[in-house]
Colleague: 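First the structure, then my questions, so here it is.
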Amino acid sequence: MTTIRLTNTKTRAKEVFDPIDPQNVRMYVCGPTVYDRAHLGNARPVIVFDVLFRLLRQVYGADHVTYVRNFTDVDDKINAEAQRRKSLGDPRSLEDLIRERTEETIRWYHDDMDALGALRPTREPRATEWIGAMIAMIEDLIAKGHAYAKDGHVLFRVRSYEGYGKLSGRSVDDMIAGARVEVAPFKEDPMDFVLWKPSTDDLPGWDSPWGRGRPGWHIECSAMSHELLGDSFDIHGGGIDLQFPHHENEIAQSACAHPEGSFARVWMHNEMLQVEGKKMSKSLGNFFTVRDLLDKGIPGEVIRFVFLSTHYSKPMDWTEEKAKQAEATLRKWRGLVEDVEPATTPAPSVLAALADDLNTAGGIAEMHKLAGEGDLAGLKASAELLGLLTPQLEDWAWRAVTGRMNAELARGYVMRAQGHVETVEERISTLLQVRADARKDKDFRKADSIRDDLLAVGVIVKDTPDGATWELMPDFDEARLWGL
RNA sequence: GGCGGGUUGGCGGAGAGGUUACGCAGCGGAUUGCAAAUCCGUGAAGACCGGUUCGAUUCCGGUACCCGCCUCCA
């Protein structure tokens with residue numbers, strides 16, 4: 001069996017991955033807060049852990065991996081958006097508006113991540129479906145002396161957990177010295193964080209032993225991971241920005257509530273995304289969503305390829321140039337493996353790269369070698385392990401790969417003009433026949449002019465010993481083709 | 001202030017204490033009416049200063065610069 005090595009943030013070392021139960025390898029990844037479209041940075045953990053999910057399925061079997069990724073649908077920003085709509089005169093109840101907002105956002109999220117070729121996780125729990133589990137966990141923490149209720153709030157007693165700060169390498173005293181912690185009258189200690197907070201009448205809330213309120217963010221993940229994966233599971237993933245405080249707090253809650261378990265054994269964090277060398281932020285004006293890129297015509301597979309070109313543990317810069325290069329490579333590969341039956345297993349070199357702490361960039365390099373060696377079956381099977389060259393993502397390729405494939409798809413494009421029906425394929429063939437005749441007569445000016453005209457509408461013509469072939473470019477303009 | 005990441009050839013980007021990364025671009029050649037594509041070949045690196053070593057881009061220490069987290073912005 002392939003040996004997987006993963007860098008464990010908890011130990012800051014690359015370790016051999018040894019699952020608790022190879023029949024059921026369990027992974028939890030922090031999912032999105034569903035208040036708006038996912039921005040490009042949100043896509044990084046999705047893609048990184050999708051590759052890990054695929055790798056684990058490859059090694060342990062598709063039915064032996066459980067991947068849980070939550071939706072945080074209790075959040076002030078969601079409430080704010082719903083209240084905004086309410087204030088604009090929407091007659092529906094706040095609860096309805098909130099539900100509409102989260103449903104809509106989850107739909108968007110699925111659409112966008114599907115477009116990036118990410119597999120759906122095994123389970124996608126929503127925080128609002130597990131409020132009971134959260135309340136039970138909070139009660140348990142209070143009973144064990146790790147939490148206390150005060151003025152409708154429940155706080156976690158950070159000083160009661162000696163391991164606090166271990167994951168992120170911080171000491172509680174240093175953090176206090178940093179003086180960025182919120183001091184509130186209901187806190188015993190400034191470091192204590194909220195497990196439950198009261199809701200006012202104009203906010204969503206659930207009845208609890210501490211009054212009507214809502215859970216804190218951190219308890220959501222602790223409760224849902226415990227319900228779905230148990231006291232101990234294998235991998236917990238997320239962005240490095242979540243390491244503190246979110247993951248630190250999760251560990252504190254789970255370790256104190258379930259001391260008999262080990263919670264997550266391996267912690268993995270992906271580094272951040274940057275745009276042209278800067279953090280993506282609304283204030284810098286370089287903020288954009290996955291959907292923005294897709295709408296610009298950048299295929300999801302291209303975005304995915306760019307992400308996989310950089311190791312997950314390093315900051316990744318999104319640039320237009322990278323997208324261009326990725327698209328060229330994918331177009332070439334898609335042309336190569338068209339009609340090729342994938343090998344039954346990925347190439348050992350690619351599998352080895354991924355098994356070595358998810359070295360996706362190394363895997364891509366190995367795939368270039370496979371392409372160079374002509375091992376197309378191996379290339380296709382290996383690409384699928386990375387979620388590339390899959391049928392799910394081929395929608396953009398119809399106008400990008402070989403002329404032959406384009407031709408098949410172009411048959412679907414029919415034009416009615418002057419009382420007859422003509423397809424794109426027929427139209428181009430007609431023009432190329434005229435050009436072929438011109439070349440035969442050595443009228444190269446005319447031949448080149450036809451080629452230039454076709455190029456101008458997005459059709460690339462290539463001469464081969466067997467005659468001319470053509471392919472459609474992404475900027476193919478059907479309407480203008482009929483004008484030629 | 002505390003914690004963490006980065007710095008590799010023109011660009012992107014990996015691994016390995018000593019042996020070609022890889023891709024794109026470039027250059028030379030084959031092919032072509034010309035292109036495109038393809039094929040063959042090829043130059044080019046390791047921020048800076050020390051240390052360990054027979055030998056370091058790879059290990060250790062320091063410096064500089066860039067970036068992020070510490071603010072429920074992944």
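Letters go in sequence order (proteins before strands), and every chain restarts at 1.
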Colleague: So what does Val46(A) hit on the nucleic acid, given a heavy-atom distance under 4.0 Å: a base, only sugar-phosphate, or nothing?
Modeller: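 No contact.
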Colleague: Looking at Tyr35(A), is Lys77(A) sitting on its ring face, NZ or CZ under 6.0 Å from the six-membered ring centre and within 45 degrees of the normal?
Modeller: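 Geometry flag: set, cation within 6.0 Å and 45°.
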Colleague: What's the shortest heavy-atom distance between Glu248(A) and Gly163(A), and which atoms?
Modeller: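 Result for this residue pair: OE2-O, 4.2 Å.
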Colleague: Identify whether the distance between the nearest side-chain nitrogen and carboxylate oxygen of Arg214(A) and Asp76(A) falls below 4.0 Å.
Modeller: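 A salt bridge is present here (some side-chain N lies under 4.0 Å from a carboxylate O).
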Colleague: Nearest to the Arg170(A) side chain among C3(B), A36(B), G15(B), which nucleotide is it?
Modeller: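 Nearest to the side chain of Arg170(A) among the choices is C3(B).
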Colleague: Classify Lys440(A) by what it touches in the nucleic acid, base, sugar-phosphate, or nothing, heavy-atom distance under 4.0 Å.
Modeller: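 Answer is nothing: Lys440(A) stays at 4.0 Å or more from every strand.
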Colleague: What is the nucleic acid contact for His246(A), judged by heavy atoms within less than 4.0 Å: base, sugar-phosphate only, or nothing?
Modeller: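 Touches nothing.
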Colleague: Asp463(A) side chain: which of C3(B), C73(B), G33(B) is closest?
Modeller: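 Among the listed nucleotides, the one closest to the side chain of Asp463(A) is G33(B).
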Colleague: Ignoring hydrogens and geometry, is there a side-chain-to-backbone donor-acceptor pair from Arg54(A) to Leu385(A) under 3.5 Å?
Modeller: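 Not confirmed, Arg54(A) side chain does not pair with Leu385(A) backbone.
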Colleague: Which part of the nucleic acid, if any, lies within contact of Gly41(A), taking any heavy atom under 4.0 Å across all strands shown: a base, the sugar-phosphate backbone alone, or nothing?
Modeller: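 It contacts base atoms.
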Colleague: Which nucleotide in the set A14(B), C69(B), G5(B) lies at the smallest distance from any side-chain heavy atom of Glu271(A)?
Modeller: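 Per side-chain heavy atoms of Glu271(A), the pick is G5(B).
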Colleague: What integer number of Å spans the P atoms of G61(B) and U42(B)?
Modeller: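 40 Å, rounded to whole Å.
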Colleague: Is Asp357(A) salt-bridged to Lys14(A), going by a charged N under 4.0 Å from an acidic O?
Modeller: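 Judged by the 4.0 Å cut-off on N to carboxylate O distance, Asp357(A) and Lys14(A) do not form a salt bridge.
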Colleague: Map Lys77(A) and Pro315(A) onto RNA chain B by nearest heavy atom, then report which one ends up closer to the 5' terminus.
Modeller: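 Checking each residue's closest nucleotide, the 5'-ward one belongs to Pro315(A).
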Colleague: Please give the distance between the C1' atoms of A37(B) and U32(B) as a whole number of Å.
Modeller: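 Nearest-Å result for A37(B) against U32(B) at atom C1': 11 Å.
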Colleague: How does protein reach along nucleotides 18-24 of chain B, written 5' to 3' as B (base within reach of a heavy atom under 4.0 Å), S (only sugar-phosphate), or - (no contact)?
Modeller: ---BSBS
Colleague: Can you tell me how far P in U71(B) sits from the matching atom in U8(B), rounded to whole Å?
Modeller: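 It works out to 32 Å between them.
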Colleague: Just compare C70(B), C67(B), A74(B) and give me whichever is closest to any side-chain atom of Phe244(A).
Modeller: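 Nearest to the side chain of Phe244(A) among the choices is C70(B).
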Colleague: Nearest to the side chain of Arg439(A), heavy atoms from C-beta on, is which of G33(B), G13(B), C3(B)?
Modeller: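 Looking only at heavy atoms from C-beta outward on Arg439(A), the closest nucleotide is G33(B).
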Colleague: Can you identify which nucleotide, out of G6(B), G33(B), A37(B), has its nearest atom closest to the Lys462(A) side chain?
Modeller: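 Ranking G6(B), G33(B), A37(B) by closest atom to the Lys462(A) side chain puts A37(B) first.
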Colleague: Does any donor atom in the side chain of His269(A) or His247(A) lie under 3.5 Å from an acceptor atom in the other side chain?
Modeller: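 There is such a pair between these side chains.
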Colleague: Measure from the side chain of Arg451(A), starting at C-beta and using heavy atoms only, and say which of G12(B), A14(B), C34(B) lies closest.
Modeller: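 Of G12(B), A14(B), C34(B), C34(B) is nearest to the side chain of Arg451(A).
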Colleague: For Arg5(A), which contact category applies under a 4.0 Å heavy-atom criterion: base, sugar-phosphate, or nothing?
Modeller: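 Result for Arg5(A) = nothing.
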Colleague: Quantified in whole Å, what is the C1' atom distance between nucleotide C66(B) and nucleotide G51(B)?
Modeller: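 Pairwise C1' distance, C66(B) against G51(B), rounds to 26 Å.
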Colleague: Are more than 12 heavy atoms, taken from residues, nucleotides or ligands other than Arg445(A), located less than 6.0 Å from that residue's CZ atom?
Modeller: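 At most 12 heavy atoms, drawn from other residues, nucleotides or ligands, come within 6.0 Å of this atom.
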Colleague: Using modelled atom types and a 3.5 Å cut-off, is there a donor and acceptor pairing between side-chain atoms of His368(A) and backbone atoms of Glu366(A)?
Modeller: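 Judged by distance alone, no pair lies under 3.5 Å.
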Colleague: Has Thr72(A) got a side-chain atom pairing as donor or acceptor with Thr33(A)'s backbone, closer than 3.5 angstrom?
Modeller: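 Not a single qualifying donor-acceptor pair exists.
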Colleague: If the sugar-phosphate is the primed atoms plus P, OP1 and OP2 and the base is the rest, what is the B/S/- string for nucleotides 57-62 of chain B, using protein heavy atoms under 4.0 Å?
Modeller: ------
Colleague: Closest approach to the side chain of Lys314(A), judged atom by atom: which nucleotide of G13(B), A74(B), G6(B) is it?
Modeller: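 Nearest to the side chain of Lys314(A) among the choices is G6(B).
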Colleague: Measuring only the P atom in each nucleotide, how far is C65(B) from U57(B)? A whole number of Å is fine.
Modeller: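 Here C65(B) and U57(B) have their P atoms 24 Å from each other.
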Colleague: I'd like the C1' distance from G5(B) over to G10(B), given in whole Å.
Modeller: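 Pairwise C1' distance, G10(B) against G5(B), rounds to 26 Å.
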Colleague: Heavy-atom contacts under 4.0 Å between residues 372-385 of chain A and RNA chain B, which residues?
Modeller: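 Going residue by residue through residues 372-385 of chain A, none turns out to have a heavy atom under 4.0 Å of RNA chain B.
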Colleague: What I want to check is whether the side chains of Asn79(A) and Gln83(A) have a donor and an acceptor closer together than 3.5 Å.
Modeller: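 Not at all, the side chains of Asn79(A) and Gln83(A) share no donor-acceptor pair under 3.5 Å.
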Colleague: Would you say a side-chain N or O of Lys324(A) is under 4.0 Å from OP1 or OP2 of C11(B)?
Modeller: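 So the side-chain polar atoms of Lys324(A) never come under 4.0 Å of the phosphate oxygens OP1 or OP2 of C11(B).
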